[in-house]
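By convention in this document, chain letters (A, B, ...) are assigned in the order of the sequence lines, proteins followed by strands, and residues within each chain are numbered from 1.
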2 protein chains.
Amino acid sequence: MKLITRDTDYALRALCFIAKKNGKIVAVPELVRELKIPRPFLRKILQSLHKHGVLSAYKGAGGGFKLAKPAKRIFLFDLLAIYQQDWHLNECLFKKMLCPNVRKCALKKKIDKIERFVKKELSLISIASLIG
Amino acid sequence: MKLITRDTDYALRALCFIAKKNGKIVAVPELVRELKIPRPFLRKILQSLHKHGVLSAYKGAGGGFKLAKPAKRIFLFDLLAIYQQDWHLNECLFKKMLCPNVRKCALKKKIDKIERFVKKELSLISIASLIG
DNA sequence: GATAAAGGATACCACAATAGTATCATTTAT
DNA sequence: ATAAATGATACTATTGTGGTATCCTTTATC
Ligand code: FES
Ligand code: FES
C-alpha cells in the first residue's frame, strides 16, 4: 500500500521547487532539468495542480507556473485529494454480512478513527513546512 | 488507496466465521455457502492463513480449518502483514533531492509518525473484538 | 504579422498489482 | 476403494498506476 503515489510525489517536489522561487514564474523546462521528472508526466501533473487551484498558470512565451496561494496554505492532504481522489480507508468491509452489531460496526469505527487521525496529520503538512 | 484489500477482507470474514464456531472444524464448502466468497480464491486465502500459523488445517474427509490460536491473539495487523507484505507508508520520498535537511527529513518524520500510529491501532484490532 | 515558446486538452500505451481460476496431487474418514 | 477434504502451483483477467504522444491555444518578441 502506498500512501504517496508517483503523482503526489512529483507534485510535492515540483511545488517545493516552485515555492523556493518566491513568486517567480517557473516553466516546465527548468523543472525538468532540475527535478529529472519525465516531461509529459510532469506537464500533466502541473496541469491538474492548476485546475485544482494550487498553481497559477501563464501561457505563451515566457510563461509558466507559480503558486496560487502561500506555501503555508498548501497541504499534503490537498494533493492526496487530487491524486488519490476521495481516498478512504473505510469501505463497508463486510457488506453488512458479518457486522458484529448492525448499528455500530466495531471494525468500521476503529478504521474511521485511524482515518481521521491520518487525515488530520496530512492536513498539517504544508509545503512551507517542507522547505522550511 | 485501500488499507484493506480483498484478500484481507475475505480473510477477516472467514476468520470471524470460524471463530464463532468455538473450535469446531469448518470446511471450505460451508464457508463458501455462508460467506459467498469465490471458492478457489477463498481456498488460496485459507491456505496462506494456514501457512502463516493463523489457522490449523485438517486434511482428508471431514477435514477443514480451525483457529490455530485464540481469537484474542489474531490481529488485523497480522493479516496486513500477510497480504500487504511488509507495507510501509514511508518510502524515501524525494530520493534525497529535496530533503530539507540531510539528517532529518521533515516529511519522512511526519509520515513515520503516522505510520507508527496506524500500525499500533491495527495491532489492537483482534478477531475477538470484532465478533464480541 | 510571423514565429517560437510556453501551457491546455485529450487520447493513448505499458507495466505492475490485484483479483480470481484451474488443475492435479496428497491425505484421511468411512 | 472411494469420496471428501486440503496442498501446491501455474495460469488468466481486470484494474490502477505511471508514462507518452499529438494537436490546439495563447502570448512575448522580433
Ligand atoms: S459491515 Fe459494513 S462496516 Fe461493518
Ligand atoms: S528525501 Fe528521503 S525521506 Fe526526505
Side-chain angles (χ1 to χ4, degrees), chain A residues 1-14 18 24-33 35-66 68 79-80 82-88 91 93 95, chain B residues 1-14 18 24-33 35-66 68 79-80 82-88 91 93 95:
Chain A
M1 191 198 71
K2 263 182 290 189
L3 177 65
I4 294 180
T5 57
R6 230 79 233 284
D7 313 89
T8 312
D9 179 357
Y10 287 161
L12 263 175
R13 298 195 211 183
I18 294 168
K24 248 185 63 189
I25 290 179
V26 183
V28 168
E30 181 178 359
L31 287 166
V32 168
R33 231 182 304 115
L35 306 178
K36 324 258 195 250
I37 297 172
R39 190 188 155 115
F41 196 19
L42 178 59
R43 271 176 33 85
K44 193 164 73 170
I45 288 165
L46 295 179
Q47 279 180 23
S48 70
L49 285 173
H50 173 217
K51 215 182 280 178
H52 287 87
V54 178
L55 288 175
S56 304
Y58 300 88
K59 291 174 107 179
F65 299 90
K66 67 181 185 66
L79 305 184
L80 265 285
I82 293 172
Y83 297 109
Q84 273 106 282
Q85 196 187 320
D86 202 28
W87 69 281
H88 48 291
E91 293 148 26
L93 296 159
K95 289 164 191 151
Chain B
M1 192 199 70
K2 263 182 289 188
L3 177 64
I4 293 179
T5 57
R6 230 82 233 284
D7 314 270
T8 312
D9 179 356
Y10 287 160
L12 263 174
R13 298 195 213 184
I18 293 168
K24 246 185 63 189
I25 290 179
V26 183
V28 167
E30 182 178 358
L31 288 166
V32 168
R33 231 184 302 116
L35 305 179
K36 323 251 196 260
I37 297 172
R39 189 186 154 116
F41 197 19
L42 178 60
R43 271 175 35 81
K44 192 165 73 168
I45 288 165
L46 295 179
Q47 280 181 22
S48 70
L49 285 174
H50 172 218
K51 215 181 283 181
H52 286 88
V54 177
L55 289 176
S56 304
Y58 300 88
K59 292 175 106 178
F65 300 90
K66 68 182 186 63
L79 304 184
L80 266 284
I82 292 172
Y83 297 109
Q84 274 107 282
Q85 195 187 319
D86 201 28
W87 69 281
H88 49 291
E91 294 149 25
L93 297 159
K95 292 168 190 149

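Considering only residues two or more places apart in sequence or on other chains, Y58(B) meets the side chain to side chain contact (heavy atoms under 4.5 Å, CB included) condition with I25(B), S56(B), K66(B). By the side chain to side chain contact (heavy atoms under 4.5 Å, CB included) test, V26(B) pairs with F17(B), I18(B), K21(B), E30(B), L31(B), sequence neighbours left out. Here A27(B) pairs with P29(B) under the side chain to side chain contact (heavy atoms under 4.5 Å, CB included) rule; sequence neighbours left out.
The distance from atom CD1 of I25(A) to atom C1' of dA5(C) is 14 Å, rounded to the nearest whole Å. Atom CD in Q84(B) sits about 11 Å away from atom C1' in dA17(C), given to the nearest Å. Residue E30(A) contributes atom CD, which lies 16 Å from atom P of dA5(C) at whole-angstrom precision. Counting to the nearest Å, the P atom of dA6(C) and the CD atom of Q47(A) are 15 Å from each other. The distance between atom CG of L31(A) and atom C1' of dG7(C), rounded to the nearest whole Å, is 13 Å. dA6(C) atom P lies 14 Å from atom CG of L46(A), rounded to whole Å.
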Take nucleotides 20-30 of chain C nucleotide by nucleotide from the 5' end and write B, S or -, depending on whether a protein heavy atom sits under 4.0 Å from the base, only from the sugar-phosphate, or from neither. BB----BBBS-

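The residue among Y83(A) and G63(B) whose nearest nucleotide of DNA chain D is located toward the 5' end is G63(B). For the pair A27(B) and T5(A), both in contact range of DNA chain D, the more 5′-proximal nearest nucleotide belongs to A27(B).
For residues 40-53 of chain B, the pairs satisfying side chain to side chain donor-acceptor pair (under 3.5 Å) are S48(B)-Y83(B), with sequence neighbours left out.
Think of the region where chain A sits on DNA chain D: with heavy atoms and a 4.0 Å cut, that region ends 5' and 3' at dG18(D) to dA28(D).
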May I have the step-by-step check of side chain to side chain contact (heavy atoms under 4.5 Å, CB included) for L79(A) and L49(A), ending in yes or no? CA-CA 8 Å; L79(A) 305 184; L49(A) 285 173; 3.7 Å; yes

Run the side chain to side chain contact (heavy atoms under 4.5 Å, CB included) check on V54(B) and I82(B) step by step: do they pass? CA-CA 10 Å; V54(B) 177; I82(B) 292 172; 4.1 Å; yes

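The heavy-atom pair separating D9(A) from I4(A) by the smallest distance is N-CG2, 3.7 Å.
The line from CZ of R13(B) to NZ of K36(B) is 11.5 Å long, rounded to the nearest 0.5 Å. The line from CG of L12(A) to CG of L35(A) is 11.5 Å long, rounded to the nearest 0.5 Å.
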